[in-house]
Amino acid sequence: MILYRTINGLVLEHQGTCYQVDESSLDALLSVSGLPGYLESMATNDRAIDPIDPATLLAPIEHQEVWASGVTYYRSRSARIEESKDAGGGDFYDRVYSAERPELFFKAVAHKVAGPNSKVRIRSDAHWSVPEPELTLVVNAAGTIIGYTIGNDMSSRDIEGANPLYLPQAKVYDQSCALGPGILIRNQPMAPTTSISMVILRDESTAFSASITLSEMKRDPRVLVEYLYRDQSFPVGCFLLTGTGIIPPDAFTLQSGDQIRISIDGIGTLTNQVA
Ligand code: DO4
Ligand code: MG
């Protein structure tokens, strides 16, 4: 079951058919106990509607905060050690990769998030920018993972590499995050064989492509959530990006007009263009 937020309200896709959801607020829906059962009860003939027009899709977020975890894959650790070695920051990344406590950072609220088929941005003062394709947890107020979506943690590598303390500037700015296309409603963990892939198109040619499976992720998503919810409340739930295992080679930087396509098995494809 995938839940979409559209300009025509919330829509459920279940077994190949789309249904209008009675509840119009995602904030309220994420608080429903027994959400899968409630959504299944929406799958009735009188609520069946035409397939979703992709142009009507919105980012699946209302008043949730978006957080992110970092250095959860070996590839991210190695790339960050390399980019920050002149700043003496390399050791931090190795330490956080091995530490019990994960790296968690604030990423966005809704107005900084790009929805499906809309534009993400690179910072005007950055010279080295990359997308980070990340499995994203949808967590309710009680701290239970109720679903999964696709996230793009846009990052300014030169700013973060100059000094790890610049991380919030490298990571948080308008349209620095994309979410979508919908939320896979699922209360079991995603299978370790789940593939995350990313293709970046420039002038209709592939400028970069790669894929990885969740088996490469070092952290258990439930432990990431447990740390995030320690001494912190999220009254309407939150999104938590789980880190990237795909980083383009050092010579690559995003350009205006690039198209970023991120796919995760069972969820779909999130497509954005760079503004
Ligand atoms: O440590 C900096 C950020 C790491 C990150 O965003 C990632 O690994 O995905
Ligand atoms: Mg990231």
Side-chain angles (χ1 to χ4, degrees), residues 65-108 112-114 120-123 126 128-137 148-173 175-180 190 194 196-198 200 208 210-221 223-225 227-228 238-250 252-254 260 262 264 270 272 274:
E65 292 177 18
V66 182
W67 283 71
S69 25
V71 199
T72 51
Y73 291 81
Y74 197 75
R75 173 77 185 110
S76 178
R77 167 202 168 274
S78 311
R80 290 187 151 90
I81 288 176
E82 190 56 31
E83 81 190 5
S84 64
K85 65 176 189 301
D86 293 343
D91 190 39
F92 290 139
Y93 295 106
D94 188 37
R95 287 199 209 183
V96 82
Y97 182 75
S98 322
E100 191 181 328
R101 183 187 291 275
E103 178 194 3
L104 294 170
F105 59 93
F106 175 80
K107 178 66 186 175
K112 297 179 202 294
V113 174
V120 289
R121 290 183 58 252
I122 49 183
R123 278 186 72 110
W128 185 17
S129 297
V130 292
E132 295 191 351
E134 307 190 8
L135 176 72
T136 299
L137 315 176
Y148 301 87
T149 188
I150 302 173
N152 177 356
D153 171 25
M154 291 284 287
S155 300
S156 317
R157 291 191 66 188
D158 54 329
I159 296 176
E160 186 190 331
N163 189 320
L165 295 179
Y166 294 153
L167 183 90
Q169 294 176 74
K171 295 282 193 177
V172 184
Y173 55 90
Q175 280 68 60
S176 62
C177 181
L179 292 176
M190 296 291 278
T194 303
I196 301 178
S197 61
M198 177 167 72
I200 301 173
F208 173 78
S211 61
I212 194 160
T213 65
L214 289 181
S215 60
E216 305 276 324
M217 199 202 296
K218 182 162 188 282
R219 307 270 177 180
D220 180 334
V223 176
L224 296 175
V225 173
Y227 270 95
L228 182 62
C238 76
F239 291 85
L240 176 55
L241 282 72
T242 57
T244 188
I246 297 177
I247 298 188
D250 290 355
F252 180 90
T253 187
L254 283 172
I260 305 161
I262 303 172
I264 301 185
L270 172 64
N272 296 99
V274 179

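Numbering of ligands and ligand atoms starts at 1, following listing order. Numbers for residues simply follow the sequence, beginning at 1. Computed from a predicted structure; not experimentally measured.
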Where ligand 1 meets Ser76 - atom numbers and elements under 4.0 angstrom, heavy-atom basis: 7 (C), 8 (O)
Just let me know how Asp153 lines up against ligand 1, side chain, backbone, both or neither, with a heavy-atom cut-off below 4.0 Å. side chain
Among Arg77, Lys107, Arg80, which one has a heavy atom closest to atom 4 (C) of ligand 1? Arg80
Purely on distance, is any nitrogen or oxygen of Gly243 under 3.5 Å from one on ligand 1? no
So, Glu134 side chain and Gly243 main chain: donor-acceptor pair closer than 3.5 Å or not? yes
The Mg ion (ligand 2): angle it makes with OD2 (Asp153) and OE1 (Glu132), nearest 10 degrees: 90°
Does a salt bridge link Lys107 with Glu132, judged by any charged N lying under 4.0 Å from a carboxylate O? no
Do Glu103 and Leu167 come close enough that some side-chain heavy atom pair is under 4.5 Å? yes
Which atoms of ligand 1 are found less than 4.0 Å from any heavy atom of Lys171? 3 (C), 5 (C), 6 (O)
Does ligand 1 have a heavy atom under 4.0 Å from the side chain of Leu167, from its backbone, from both, or from neither? side chain
Heavy-atom distances under 4.0 Å are what count here, so tell me which part of Tyr73 touches ligand 1: side chain, backbone, both or neither. neither
Examine distances only and state if a side-chain atom of Ser76 and a backbone atom of Gly245 form a donor-acceptor pair shorter than 3.5 Å. no
Using the ring of each side chain (for Trp, its six-membered ring), is Tyr97 parallel, tilted or perpendicular to Tyr74, with breaks at 30° and 60°? perpendicular
Got an N/O contact under 3.5 Å between Tyr93 and ligand 1? no
With a 4.0 Å cut-off on N to O distance, would you call Arg80 and Glu160 a salt bridge? yes
Check ion pair Glu100-Lys218 (N to O, under 4.0 angstrom): no
The Mg ion (ligand 2) is nearest to which N, O or S atom of Glu134? OE2
Go through ligand 1 atom by atom and flag the ones less than 4.0 Å from a non-hydrogen atom of Glu103. 1 (O), 2 (C), 3 (C), 4 (C)
Taking both backbone and side-chain atoms of Thr72, is any N or O found less than 3.5 Å from an N or O belonging to ligand 1? no
Number the atoms of ligand 1 from 1 as they appear, then name those within less than 4.0 Å of a heavy atom of Gly70, with their elements. 4 (C), 5 (C), 7 (C), 8 (O)
